[in-house]
Enquirer: 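One structure, as structure tokens, below. Some questions next.
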2 protein chains.
Amino acid sequence: MQNILASIKIPVNQNLFLKDPSTSELGQKIIDGSIALMNQLGFERFTFKKLAIEIQTTEASVYRYFESKHKLLLYLINWYWGCIATRITLETRNIELPEQKLKKTIHILTALPNPEIDSLISNELALKEIIINESAKVLITKDVDEENKVGVFSVYKTLVSNVAAIINEVNRDYPYPNMLASSMIEGSNQQRFFAAHLPKLTNIKEDSDFVESFYLDLIFNTLKK
Amino acid sequence: MQNILASIKIPVNQNLFLKDPSTSELGQKIIDGSIALMNQLGFERFTFKKLAIEIQTTEASVYRYFESKHKLLLYLINWYWGCIATRITLETRNIELPEQKLKKTIHILTALPNPEIDSLISNELALKEIIINESAKVLITKDVDEENKVGVFSVYKTLVSNVAAIINEVNRDYPYPNMLASSMIEGSNQQRFFAAHLPKLTNIKEDSDFVESFYLDLIFNTLKK
DNA sequence: TCAAACATAATAGTATTACTATTACATTTG
DNA sequence: CAAATGTAATAGTAATACTATTATGTTTGA
């Protein structure tokens with residue numbers, strides 16, 4: 001499969017930027033540069049000044065596009081989940097069997113992206129690492145209610161409810177489809193962080209990838225009637 | 001049950017403080033005050049200056065005990081998991097049946113503490129809320145490797161491995177006990193955050209508490225042979 | 001064609017906050 | 001009772017998130 005999605009416009013909530021970065025050259029440089037630099041430094045150490053130096057512009061110019069680094073990270077996260085949601089829709093469209101559909105969905109959500117095969121964007125792996133490492137910092141915040149009000153999380157909520165629907169196709173009576181979906185999505189990223197830094201919290205041995213297997217086992221056992 | 005644990009000394013890693021707060025009156029005021037204030041303001045808005053004003057001391061005095069607010073939060077988290085680990089040990093000691101032991105463990109880890117019955121400390125609920133809301137901010141960091149080196153997470157790792165052992169008592173062949181344990185511990189807190197702020201990511205209706213039921217169902221179905 | 005209107009970018013700041021160096025006061029101990 | 005030690009207060013510095021203002025193109029309409 002080629003980069004079909006590269007040409008598909010992923011809509012991102014208007015409240016996340018001052019000026020749409022996809023409409024200008026500098027905007028694109030801000031996005032690409034921030035993915036690289038934020039992944040390299042981490043959210044705390046990442047600053048607009050360092051970004052500006054990196055992409056050869058000024059701090060204030062970055063502020064023309066994003067009112068804060070918090071909003072910039074939200075933009076990246078939003079865009080990422082938009083891509084994933086689109087991938088699930090496209091790649092499960094022609095699958096009839098609910099079990100196969102769910103299996104594919106679990107794969108998309110929990111496996112590491114293969115840059116050769118299913119990469120949506122040039123730096124998907126770097127972006128995924130940002131999701132793994134930094135998501136919690138903007139999601140688990142005192143401001144979450146206000147941000148939720150302006151629709152910042154609607155993309156994510158739609159994704160969870162779509163996955164929940166696929167879960168219910170496999171077992172109509174399962175009472176916690178949304179919890180199962182959201183805990184898989186969040187948990188798989190967290191398990192990856194643990195595997196890299198606190199491996200004693202996991203059962204990942206050497207280089208074999210146990211995250212996808214863990215969730216396949218967990219979810220299909222739970223949904224078994 | 002009374003506050004048996006109030007008299008039990010919970011050991012906290014020496015690297016987390018400059019001066020042990022449990023050894024002085026001001027130290028105790030710093031702990032109690034920071035639990036209240038951090039819960040109220042959130043980690044970002046919480047500062048040592050605000051804390052100092054609240055407990056009628058000075059910013060510098062607080063720095064005598066903790067070298068940063070990051071370390072202070074780590075201290076609180078460490079202490080909390082120390083309490084929980086002790087509770088699990090004590091409250092499952094006399095249970096013979098592995099299934100009953102696991103059921104009790106899941107209850108301790110996923111249910112909200114009942115202030116009347118099983119409260120370890122005066123402000124356990126406030127501390128639990130801090131764990132729910134702020135844990136990720138100190139755990140998911142670029143510094144995690146260095147902090148892990150000095151043993152900051154050993155309490156938490158022991159807890160996970162104890163729960164994993166209880167899981168394996170129920171099913172010896174289950175291949176992912178640590179992942180199941182850590183994803184329950186982290187996931188239950190996250191689901192509580194979602195329930196409060198992004199309820200569409202959960203299946204919690206009204207005031208009934210679905211978190212414990214969700215994990216009971218999930219884990220016992222997964223471990224069924 | 002040319003200047004008014006607007007978009008974009010650069011300069012030079014301010015306010016906040018995490019953290020520290022130094023000094024002062026109080027308490028314990030031989 | 002004085003030396004040693006523990007504890008607290010004052011007055012900073014450095015970093016960083018963010019802003020106010022000015023400068024430089026770019027487009028648009030008579």
Side-chain angles (χ1 to χ4, degrees), chain A residues 14-34 37-38 40-76 130 134 137-138 141-143 146-147, chain B residues 14-34 37-38 40-77 130 134 137-138 141-143 146-147 152:
Chain A
Q14 298 274 327
N15 296 300
L16 290 175
F17 51 77
L18 298 171
K19 176 176 153 66
D20 191 339
S22 68
T23 61
S24 81
E25 204 179 328
L26 181 64
Q28 268 307 319
K29 275 168 74 181
I30 288 172
I31 298 303
D32 294 342
S34 62
L37 197 64
M38 201 182 285
Q40 185 189 322
L41 300 177
F43 184 66
E44 286 81 5
R45 287 189 251 268
F46 171 90
T47 69
F48 278 2
K49 188 164 247 163
K50 289 172 186 168
L51 173 64
I53 292 166
E54 190 76 17
I55 61 175
Q56 308 218 35
T57 180
T58 63
E59 207 187 352
S61 300
V62 181
Y63 276 102
R64 297 282 147 184
Y65 288 84
F66 294 99
E67 71 178 73
S68 67
K69 69 172 181 174
H70 180 92
K71 287 260 169 100
L72 168 58
L73 177 51
L74 274 175
Y75 177 92
L76 295 178
I130 291 175
E134 322 293 353
K137 289 164 198 168
V138 289
T141 309
K142 288 275 172 188
D143 303 314
E146 279 176 41
E147 280 162 357
Chain B
Q14 298 274 328
N15 295 302
L16 290 175
F17 51 76
L18 298 171
K19 176 176 155 65
D20 191 339
S22 68
T23 62
S24 81
E25 204 179 328
L26 181 65
Q28 268 306 320
K29 275 169 76 181
I30 288 173
I31 298 302
D32 294 341
S34 63
L37 196 64
M38 202 182 284
Q40 186 188 321
L41 300 177
F43 184 66
E44 286 81 7
R45 287 189 253 267
F46 171 89
T47 70
F48 278 3
K49 189 164 247 163
K50 288 173 186 168
L51 173 64
I53 293 167
E54 190 76 16
I55 62 175
Q56 308 220 32
T57 181
T58 63
E59 206 186 352
S61 300
V62 181
Y63 277 103
R64 297 280 149 184
Y65 288 84
F66 294 99
E67 72 178 73
S68 67
K69 70 172 183 175
H70 180 92
K71 287 259 169 101
L72 167 57
L73 178 51
L74 274 175
Y75 177 92
L76 295 178
I77 292 170
I130 290 176
E134 322 293 353
K137 288 164 199 168
V138 289
T141 311
K142 288 275 173 188
D143 303 314
E146 279 175 41
E147 280 163 356
V152 166

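A, B, ... follow the sequence lines: proteins, then strands. Residue 1 opens every chain. Heavy-atom basis, side chains included; hydrogens, waters and symmetry copies ignored.
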Enquirer: Do the side-chain N and O atoms of A/Tyr65 and A/Ser24 include a donor-acceptor pair separated by under 3.5 angstrom?
Expert: yes
Enquirer: How many whole angstroms separate atom CG of B/Leu41 from atom P of C/dT17?
Expert: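 Roughly 11 Å, once rounded to whole Å.
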Enquirer: Under 4.0 Å, heavy atom to any atom of DNA chain C: which of residues 19-26 of chain A qualify?
Expert: A/Lys19, A/Leu26
Enquirer: Rounded at 0.5 Å granularity, tell me how far NE2 in B/His70 sits from OG1 in B/Thr141.
Expert: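 Nearest 0.5 Å value for the NE2-OG1 distance: 5.0 Å.
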Enquirer: Does atom NZ of B/Lys142 have more than 12 heavy-atom neighbours from other groups under 6.0 Å away?
Expert: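 More than 12 heavy atoms, drawn from other residues, nucleotides or ligands, come within 6.0 Å of this atom.
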Enquirer: How many angstroms lie between CD in A/Glu54 and NZ in A/Lys49, if you round to the nearest 0.5 Å?
Expert: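 Interatomic distance, A/Glu54 CD to A/Lys49 NZ, rounded to 0.5 Å: 15.5 Å.
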Enquirer: Reading 5' to 3' and counting Watson-Crick or G-U wobble pairs with both distances under 3.5 Å, write the dot-bracket notation for DNA chain C, | for bases paired outside the strand.
Expert: ||||||||||||||||||||||||||||||
Enquirer: Go through it in stages, so that I can follow the logic: the residues are A/Asp20 and A/Ser22, the test is side-chain hydrogen bond (donor to acceptor under 3.5 Å, both in side chains), and I'd like the CA-CA distance, side-chain angles, deciding distance and then a yes or no.
Expert: CA-CA 5 Å; A/Asp20 191 339; A/Ser22 68; 2.8 Å; yes
Enquirer: Identify whether NZ of Lys or CZ of Arg in A/Lys69 sits under 6.0 Å from the centre of the six-membered ring of A/Phe43 and within 45° of that ring's axis.
Expert: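 Verdict for A/Phe43: a cation-pi partner in A/Lys69.
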Enquirer: Answer yes or no: does a side-chain N or O of B/Thr58 lie under 4.0 Å from OP1 or OP2 of D/dT10?
Expert: no
Enquirer: Does A/Phe66 reach the side chain of A/Ile31, with side-chain heavy atoms less than 4.5 Å apart?
Expert: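 They are in contact (side-chain heavy atoms under 4.5 Å apart), so the answer is yes.
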Enquirer: Between A/Ala52 and A/Val62, which heavy-atom pair has the shortest distance, and what is it?
Expert: CB-CG2, 4.5 Å
Enquirer: Measure the distance from CG on B/Leu51 to C1' on D/dA8 and round it to the nearest whole Å.
Expert: 15 Å
Enquirer: Are OP1 or OP2 of D/dA9 and a side-chain N or O of B/Ser61 less than 4.0 angstrom apart?
Expert: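 The answer is yes; a side-chain N or O of B/Ser61 sits under 4.0 Å from OP1 or OP2.
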Enquirer: Provide, to the nearest angstrom, the distance between the CG atom belonging to B/Leu72 and the P atom belonging to C/dC19.
Expert: 11 Å
Enquirer: Please round to the nearest 0.5 Å and tell me the distance separating atom CG of B/Leu16 and atom CG of B/Leu76.
Expert: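 B/Leu16 atom CG to B/Leu76 atom CG measures 10.0 Å (nearest 0.5 Å).
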Enquirer: Rounded to the nearest angstrom, tell me the gap between atom CG in B/Leu18 and atom C1' in D/dG6.
Expert: 14 Å
Enquirer: Could you tell me the separation between the CD1 atom of B/Ile53 and the P atom of D/dA8, rounded to a whole number of Å?
Expert: 17 Å
Enquirer: Any base atoms under 4.0 Å from A/Phe66, or only sugar-phosphate, or nothing? Heavy atoms, all strands.
Expert: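 Nothing: the residue A/Phe66, judged by heavy atoms under 4.0 Å, touches no strand.
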Enquirer: Could you write out each protein N or O paired with an N or O of nucleotides 13-20 of chain D at a distance under 3.5 Å?
Expert:
{"residue": "D/dA17", "atom": "OP1", "partner": "A/Lys69", "partner atom": "NZ", "Å": "3.0"}
{"residue": "D/dC18", "atom": "N4", "partner": "A/Glu59", "partner atom": "OE1", "Å": "3.0"}
{"residue": "D/dC18", "atom": "N4", "partner": "A/Glu59", "partner atom": "OE2", "Å": "2.9"}

Enquirer: Side-chain contact test, heavy atoms from C-beta onward, threshold under 4.5 Å: evaluate it for A/Lys50 versus A/Leu37 and give yes or no.
Expert: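 Yes, their side chains come closer than 4.5 Å.
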Enquirer: Could you walk me through whether A/Phe46 and A/Leu73 satisfy the side chain to side chain contact (heavy atoms under 4.5 Å, CB included) test, starting with their C-alpha distance in whole Å, then the side-chain angles of each, then the deciding distance to 0.1 Å, before giving a yes or no?
Expert: CA-CA 11 Å; A/Phe46 171 90; A/Leu73 177 51; over 6 Å; no
